[in-house]
S.K.: 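Questions regarding the structure given below will be posed in turn.
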Amino acid sequence: MASEKILIIGSSGQIGTELVMSLRGIYGNQNVFASDLNTPKGEVLESGPFVALNVMDRAALIETVKKYKITQVYHLVAMLSATAEKFPEKGWDLNMKSFFYVMEMLREGILKKVYWPSSIAAFGPTTPRVDTPQHTIMDPSTVYGISKLSGELWCQYYHDKYNVDVRSIRYPGLISWKSEPGGGTTDYAVDIFYKALQDGKYTSFLSENTNLPMMYMPDAIRGTIELCEAPADQVKLRTGYNFAAFSFDPQTLAESIKKHIPNFEIDYAPDFRQKIAEGWPQSIDDSQARQDWGWKPEFTTDKMVEDMLKNLRVKLNVK
Ligand code: SER
């Protein structure tokens, strides 16, 4: 394990911030390189190496990989669903170009392993929405979703054609307190906690009964590492694994928050993100991940809410 050198691109994002610290715990601080356009604050910067990198600069990316003898890349850079609808070409470029730069290094044998995140956004409006199966209709209708489905298919292609080790998960909406998400359709489920603690009220951009699959970040990080650490022969799928914990709608989340903040109020002003959400699954069948590499979530909605509020009260200094 000690000979592995890991590069996380997009390390200042919602997933990266937490994944860097977990991987440093496993591989040693000096063997896990964080990289991003934005310099991180706090523990990521203080505990190990950081490389300022624009992932669209192919030469700089290759140079970084060679200089630090990187063996694995976690490619977390992406423009998320809501933002990419506003900047389609830029979103496609960012999400796909850097993906190919990394995949080509894998094909050439410069890298040994690549992790690439997919999303529930890879599904679409005619996908069965309840207990969405692993293999089903996939007709994404957002730029972000199209990029995720395309990437999944390329992952499988590279694996089948060049026999390389690439792994992927279809994340549901991810909820976390350490770092804020940006530009996603599921992000109301993070914003709501900040507003509940700071203002006592929240206006949701999704309607009250818009049910979506969600997961608490500690589960998402553990599952990601479990997939990446699983023996290669257990990773039977080289597109993205369905990956689930719980589902809720804004009203149900608000009820759970009210158990801790009784005066909390929510109202609803759906915007363009409503349509995006309506094209995504409401719940996910992740039995293949459970079967192949033993996936099992720990957090329920109520347990997540309790933990979010506990940590955010400290972070925001709210009583
Ligand atoms: N959370 C993401 C988004 O809403 C989906 O992967 O864009």
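For clarity, every value in this text was computed on a predicted model and none was experimentally measured. Residues take their numbers from the sequence shown, with the count starting at 1.
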S.K.: For Pro250, run the side-chain contact (heavy atoms from CB on, under 4.5 Å) check against Phe205, Tyr188, Tyr202 and tell me which one passes.
M.R.: Tyr188
S.K.: For Glu265, look at atom CD and say whether over 12 heavy atoms of other residues, nucleotides or ligands are found less than 6.0 Å away.
M.R.: no
S.K.: side-chain hydrogen bond (donor to acceptor under 3.5 Å, both in side chains): which pairs involve residues 51-68, sequence neighbours left out?
M.R.: none
S.K.: Under the rule for salt bridge (Lys or Arg N to Asp or Glu O under 4.0 Å), what residues qualify as partners of Glu180, not counting sequence neighbours?
M.R.: Lys315
S.K.: Could you state whether Ile257 and Val190 fall into the same hydrophobic cluster, counting links through intermediate Ile, Leu, Val, Met, Phe, Trp or Tyr residues with side-chain heavy atoms under 4.5 angstrom apart?
M.R.: yes
S.K.: With under 30° as parallel and over 60° as perpendicular, where do the rings of Phe100 and Tyr158 fit, or are they tilted in between?
M.R.: tilted
S.K.: Considering only heavy atoms from C-beta outward, does the side chain of Pro125 approach that of Glu278 to under 4.5 Å?
M.R.: no
S.K.: Looking only at atom types and distance, does a side-chain atom of Asp131 sit under 3.5 Å from a main-chain N or O of Asp285, one as donor and one as acceptor?
M.R.: no
S.K.: Quick check with a 6.0 Å cut-off and a 45 degree axis cone: is Arg107 positioned over the face of Tyr162's six-membered ring?
M.R.: yes
S.K.: Please report the interatomic distance CZ(Phe33) to NZ(Lys69), rounded to the nearest 0.5 Å.
M.R.: 10.0 Å
S.K.: Hydrophobic cluster membership, with links at side-chain heavy-atom distances under 4.5 Å among I/L/V/M/F/W/Y: are Met217 and Ile225 in one?
M.R.: yes
S.K.: Is there a side chain to side chain contact (heavy atoms under 4.5 Å, CB included) between Leu111 and Val114? Walk through the geometry before answering.
M.R.: CA-CA 8 Å; Leu111 295 171; Val114 168; 4.1 Å; yes
S.K.: Answer yes or no: does atom CG of Asp160 have more than 12 heavy-atom neighbours from other residues, nucleotides or ligands under 6.0 Å?
M.R.: yes
S.K.: Check whether any side-chain heavy atom of Glu298 lies under 4.5 Å from a side-chain heavy atom of Pro218, and answer yes or no.
M.R.: no
S.K.: Working to the nearest 0.5 angstrom, can you tell me the gap between Leu253 CG and Lys258 NZ?
M.R.: 11.0 Å
S.K.: Quick test of your reading of the model: are Asp267 and Lys201 salt-bridged, counting only N-O distances below 4.0 Å?
M.R.: no
S.K.: Spell out, as yes or no, whether a donor-acceptor pair under 3.5 Å connects the side chain of Arg167 to the backbone of Cys228.
M.R.: yes
S.K.: Going by atom types only, do Asn242 and Arg170 share a side-chain donor-acceptor pair under 3.5 Å?
M.R.: yes
S.K.: Under 4.5 Å between side-chain heavy atoms, counting indirect links through other Ile/Leu/Val/Met/Phe/Trp/Tyr residues: same cluster for Leu197 and Ile175 or not?
M.R.: yes
S.K.: With a cut-off of 6.0 Å (strictly less than), are more than 12 heavy atoms of other residues, nucleotides or ligands near CG of Asn163?
M.R.: no
S.K.: Rounded to the nearest 0.5 Å, what separates atom CD1 in Ile137 from atom OG1 in Thr126?
M.R.: 4.5 Å
S.K.: Do the side-chain N and O atoms of Gln274 and Ser207 include a donor-acceptor pair separated by under 3.5 angstrom?
M.R.: yes
S.K.: Among Leu23, Thr17, Val73, find the one that has a side-chain contact (heavy atoms from CB on, under 4.5 Å) with Ile8.
M.R.: Leu23
S.K.: Kindly say whether Ser35 contributes a backbone atom to a donor-acceptor pair with the side chain of Ser11 at under 3.5 angstrom?
M.R.: yes
S.K.: Is any side-chain heavy atom of Glu18 less than 4.5 Å from a side-chain heavy atom of Ile15?
M.R.: no
S.K.: Side chains of Thr300 and Asp302: donor-acceptor distance under 3.5 Å anywhere?
M.R.: no
S.K.: Report the C-alpha distance between Ser204 and Ile266 in whole Å, list the side-chain angles of each, state the deciding distance to 0.1 Å, and finish with yes or no for side chain to side chain contact (heavy atoms under 4.5 Å, CB included).
M.R.: CA-CA 7 Å; Ser204 170; Ile266 185 165; 4.2 Å; yes
S.K.: Enter the distance from Gln134:CD to Asp292:CG here, rounded to the nearest 0.5 Å.
M.R.: 8.5 Å
S.K.: Do the charged groups of Asp286 and Arg290 touch, with an N to O distance under 4.0 Å?
M.R.: yes
S.K.: Which residue pairs pass the side-chain hydrogen bond (donor to acceptor under 3.5 Å, both in side chains) test when at least one of the two sits in residues 115-125, sequence neighbours left out?
M.R.: Tyr115-Tyr171, Ser118-Glu152
S.K.: Identify every side-chain donor-acceptor pair in residues 77-91 under 3.5 Å, counting partners at least two apart or on other chains, and give the distances.
M.R.:
unit_1: Ser81; atom_1: OG; unit_2: Thr185; atom_2: N; d: 3.2
unit_1: Ser81; atom_1: OG; unit_2: Thr185; atom_2: OG1; d: 2.7
unit_1: Glu85; atom_1: OE2; unit_2: Val143; atom_2: N; d: 2.8

S.K.: Mind checking whether Leu174 and Phe248 sit in one hydrophobic cluster, side chains of I, L, V, M, F, W, Y counted as touching below 4.5 Å?
M.R.: no
S.K.: Taking the side chain as everything from C-beta on, heavy atoms only, tell me whether Thr301 gets closer than 4.5 Å to Thr252.
M.R.: no
S.K.: For residues Glu4 and Thr71, is any side-chain donor paired with an opposing acceptor at under 3.5 Å?
M.R.: yes
S.K.: So, do Gln72 and Lys5 sit near enough that their side-chain heavy atoms are less than 4.5 Å apart?
M.R.: no
S.K.: Compute the centroid of each ring, for Trp177 and then for Phe193, and state whether the two points are separated by less than 6.0 Å.
M.R.: no
S.K.: So, Arg313 side chain and Lys319 main chain: donor-acceptor pair closer than 3.5 Å or not?
M.R.: yes
S.K.: What is the distance from atom CD1 of Ile221 to atom CE of Met215, rounded to the nearest 0.5 Å?
M.R.: 10.5 Å
S.K.: Compute whether any side-chain donor of one residue and acceptor of the other, for Asn211 and Ser247, lie under 3.5 angstrom apart.
M.R.: no
S.K.: Do Val65 and Ile62 have side-chain heavy atoms sitting under 4.5 Å apart?
M.R.: no
S.K.: May I ask you to test the Pro117-Leu76 pair for a side-chain heavy-atom distance under 4.5 Å?
M.R.: yes
S.K.: With a 4.5 Å cut-off on side-chain heavy atoms, are Tyr74 and Val20 touching?
M.R.: no
S.K.: Go through Arg24 and Ile6 one step at a time and tell me if the side chain to side chain contact (heavy atoms under 4.5 Å, CB included) criterion holds.
M.R.: CA-CA 9 Å; Arg24 282 184 178 160; Ile6 300 178; over 6 Å; no
S.K.: State yes or no: do Val166 and Ile9 share one hydrophobic cluster built from I, L, V, M, F, W and Y residues joined by side-chain heavy-atom distances below 4.5 Å, directly or via other members?
M.R.: yes
S.K.: How are the rings of Phe299 and Tyr216 set relative to one another: parallel (under 30°), tilted (30 to 60°) or perpendicular (over 60°)?
M.R.: perpendicular
S.K.: Is the shortest side-chain N to carboxylate O distance from Arg222 to Glu226 below 4.0 Å?
M.R.: yes
S.K.: So, taking the atom named CE in Met214 and the one named CG in Asp219, what distance separates them when rounded to the nearest 0.5 Å?
M.R.: 14.5 Å
S.K.: Could you tell me whether Lys195 and Asp199 have a side-chain N and a carboxylate O separated by less than 4.0 Å?
M.R.: no
S.K.: For Asp271, enumerate each residue passing the salt bridge (Lys or Arg N to Asp or Glu O under 4.0 Å) test, keeping only those at least two apart in sequence or located in another chain.
M.R.: Arg273
S.K.: With side chain to side chain contact (heavy atoms under 4.5 Å, CB included) as the criterion, how do Trp92 and Lys97 come out once you've worked through the C-alpha distance, each side chain's angles and the decisive distance to 0.1 Å?
M.R.: CA-CA 8 Å; Trp92 174 262; Lys97 274 198 177 152; over 6 Å; no
S.K.: Could you tell me whether a side-chain N or O of Thr210 sits under 3.5 Å from a main-chain N or O of Leu206, the two making a donor and an acceptor?
M.R.: no
S.K.: Between Trp295 (side chain only) and Ala244 (backbone N and O only), is there a donor and an acceptor less than 3.5 Å apart?
M.R.: yes
S.K.: Is there a donor-acceptor pair under 3.5 Å between the side chain of Ser147 and the backbone N or O of Tyr144?
M.R.: yes
S.K.: Not counting sequence neighbours, which residues clear ring pair (Phe, Tyr, Trp, His ring centres under 6.0 Å) with Phe272? List them please.
M.R.: none
S.K.: Less than 3.5 Å apart, any donor N or O on the side chain of Ser179 or Gln14 sitting next to an acceptor on the other?
M.R.: no
